> 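Would you mind keeping the following structure in view while I ask a few things?
Chain A is the first sequence line, chain B the second, and so forth, proteins listed ahead of strands; every chain is numbered from 1. Bear in mind that the values here come from a model prediction, so they are computed numbers and not experimental data. Only this structure's heavy atoms are used, side chains among them; waters, hydrogens and symmetry mates stay out.
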Number of protein chains: 2
Amino acid sequence: MNDDKNVHIFTISQIADELDISTRTIRFYEEKGLIKPGRTAGNQRIYTARNKARLKLILRGKRFGFSLDDISEMIGMADTDMDELAQIEKSLYFGEAKLKEIQDRKKELSLLEQDILATRKKLLQRFTELKNPATTNNKKENV
Amino acid sequence: MNDDKNVHIFTISQIADELDISTRTIRFYEEKGLIKPGRTAGNQRIYTARNKARLKLILRGKRFGFSLDDISEMIGMADTDMDELAQIEKSLYFGEAKLKEIQDRKKELSLLEQDILATRKKLLQRFTELKNPATTNNKKENV
DNA sequence: CTTATAGTTTACGTAAACGTTAATTATAAA
DNA sequence: TTTATAATTAACGTTTACGTAAACTATAAG
């Protein structure tokens, strides 16, 4: 079984360029235990496609306001001093909670969208008022 | 025209309790110009339902990882040293960008959900493997 | 083999978003 | 009216998530 599949290996700067983050950020995530890339003979980091996918997941979580600690638990790599079973159970439990949170956020996302649309409406109204002062009355509202 | 509608007024701690944030946080948002509550004769802050709604909007934005500066611009209260027209234009422009971002996030939300579901699947698989070692082969995968 | 260029660790620096006193004043309750 | 709560400003402290600089090592290019 020649394990030649996916010999695609990346350096840290290749990853940084592709994901548009700094190398410092990548190393920082490693410090926090979020990724564990391999090393060359000369001690330089090497990243597989899997490592890259993991980073994408982390960045996705961040875009939703999750802290790195949150993400760490979501991913299921936290508390490496627990036995595997307990760790898996914890991760599963945490994952369920996060799924519910995602449901909530889906709803909130729509609310936020509506908030912004409402703000836009008011701004546009005020905009035309300023452009055309005759047609409207001067009502002072602070939203 | 007796303006008796909505005389519902709240103190800062009432708001803090209801929205589950600290009074410090509320005052901090005021410092940043995100809200402008009224004052009593004795200089204490008073919040209307409108002020409360504004705070909810801010918190909603935060839950999606927007910075307070972002939210400030979304809401349309940034850069008070610009003339109103320019300010409105900027806010509108920013709002459009944020709406697009929200669209993207809707898609990403599903991706994140799928990531978690996939992780859960693997965890469950490993879980049963550990509980029932005979029935499966031992494949080592580090996600 | 030399020399850019890229990567490594260590460590101090920083911006954002509040937390936490402290000293003082308002307001509500008895 | 005294007194217990609650609110106010001011200022320094803290955590998260990196930025940045220094001193050194690996690797690629010529």
Side-chain angles (χ1 to χ4, degrees), chain A residues 7-48 51-52 54-75 77-79, chain B residues 7-48 51-52 54-75 77-79 94 98:
Chain A
V7 193
H8 287 301
I9 285 306
F10 311 91
T11 73
I12 194 167
S13 55
Q14 282 173 335
I15 297 283
D17 282 0
E18 195 177 329
L19 303 186
D20 199 35
I21 54 180
S22 71
T23 58
R24 174 70 174 96
T25 296
I26 298 175
R27 293 197 191 95
F28 181 71
Y29 292 166
E30 185 180 343
E31 271 182 55
K32 298 226 76 180
L34 294 172
I35 30 167
K36 297 200 184 299
R39 298 279 180 152
T40 67
N43 198 37
Q44 301 200 177
R45 275 165 260 251
I46 42 180
Y47 297 84
T48 65
N51 292 146
K52 203 170 69 179
R54 165 70 67 104
L55 275 171
K56 282 184 184 174
L57 202 171
I58 295 169
L59 296 176
R60 190 143 50 229
K62 282 219 66 197
R63 262 173 252 127
F64 285 97
F66 291 113
S67 73
L68 291 181
D69 285 350
D70 282 350
I71 295 168
S72 176
E73 297 205 64
M74 275 190 257
I75 286 173
M77 272 195 94
D79 290 317
Chain B
V7 192
H8 286 300
I9 285 306
F10 312 90
T11 71
I12 193 169
S13 55
Q14 282 173 336
I15 297 282
D17 282 0
E18 195 178 328
L19 302 186
D20 200 35
I21 54 180
S22 71
T23 58
R24 174 70 174 96
T25 296
I26 298 175
R27 294 197 190 93
F28 181 70
Y29 292 168
E30 185 179 343
E31 272 182 53
K32 297 226 78 180
L34 294 172
I35 31 167
K36 296 200 184 302
R39 297 282 180 148
T40 67
N43 198 37
Q44 300 198 180
R45 273 164 261 250
I46 44 181
Y47 297 85
T48 66
N51 292 145
K52 202 170 68 179
R54 164 70 68 105
L55 274 171
K56 282 185 185 174
L57 200 170
I58 295 169
L59 296 176
R60 193 140 50 228
K62 281 219 65 196
R63 262 173 251 126
F64 286 96
F66 291 112
S67 74
L68 292 181
D69 284 351
D70 281 350
I71 295 168
S72 176
E73 297 205 65
M74 276 189 251
I75 286 174
M77 276 194 89
D79 289 319
F94 200 85
K98 287 302 161 185

> How long is the line joining CD1 of B/Ile12 and P of C/dT27, in whole Å?
15 Å

> Mind checking salt bridge (charged side-chain N to carboxylate O under 4.0 Å, His left out) for B/Arg27 and listing every partner two or more places apart, or none if nothing turns up?
none

> Can you tell me how far C1' of D/dA7 sits from CD of B/Gln14, to the nearest Å?
13 Å

> Using whole Å, report how far CZ of A/Arg27 lies from C1' of C/dG7.
6 Å

> What residues, two or more places apart in sequence or in another chain, satisfy side chain to side chain contact (heavy atoms under 4.5 Å, CB included) together with B/Leu57?
A/Leu112, A/Asp115, B/Ile75

> Counting just side-chain N and O atoms, does B/Thr11 come under 4.0 Å of either OP1 or OP2 of D/dA6?
no

> In whole angstrom, what separates B/Ile35's CD1 from C/dC18's C1'?
14 Å

> Does a side-chain N or O of B/Arg45 approach OP1 or OP2 of D/dA7 to a distance below 4.0 Å, or not?
no

> Going 5' to 3' through nucleotides 21-30 of chain D, assign each nucleotide B (protein heavy atom under 4.0 Å from a base atom), S (under 4.0 Å only from sugar-phosphate atoms) or - (no protein heavy atom that close).
-----SS---

> What's the shortest heavy-atom distance between B/Leu59 and B/Ile21, and which atoms?
CD2-CG2, 4.0 Å

> Identify, with sequence neighbours excluded, every residue that meets side chain to side chain donor-acceptor pair (under 3.5 Å) alongside B/Ser13.
B/Thr11

> Who pairs with A/Ser67 by side chain to side chain donor-acceptor pair (under 3.5 Å), at least two apart in sequence or on another chain?
none

> Given atom CD1 of B/Ile9 and atom P of C/dT27, what is their separation to the nearest angstrom?
15 Å

> Which is more 5' along DNA chain C, the nucleotide nearest A/Tyr47 or the one nearest B/Thr23? Just name the residue.
A/Tyr47

> Is there a side-chain contact between B/Lys62 and the phosphate of C/dA17, meaning an N or O under 4.0 Å from OP1 or OP2?
no

> Is any side-chain nitrogen or oxygen of A/Thr25 closer than 4.0 Å to OP1 or OP2 of D/dG19?
yes

> Enumerate all atom pairs, one protein N or O and one N or O from nucleotides 14-16 of chain D, separated by less than 3.5 Å.
none

> What integer distance in Å separates A/Glu30:CD from D/dC18:C1'?
15 Å

> Compare side-chain N and O positions of B/Ser22 against OP1 and OP2 of C/dG19 and report whether any pair is under 4.0 Å apart.
yes

> What residues form a salt bridge (charged side-chain N to carboxylate O under 4.0 Å, His left out) with B/Asp70, not counting sequence neighbours?
B/Lys98

> Would you give the length of the straight line joining atom OH of A/Tyr29 to atom CZ of A/Arg54, rounded to the nearest 0.5 angstrom?
13.0 Å

> My understanding is that only residues two or more places apart in sequence, or in another chain, count here; which of them pass salt bridge (charged side-chain N to carboxylate O under 4.0 Å, His left out) with A/Asp69?
A/Lys32

> Run the salt bridge (charged side-chain N to carboxylate O under 4.0 Å, His left out) test against A/Lys52 and tell me which residues pass, sequence neighbours left out.
A/Glu18

> In whole angstrom, what separates B/Tyr29's OH from C/dA16's P?
14 Å

> Distance check needed: C/dA6 P versus A/Ile15 CD1, whole Å only.
16 Å

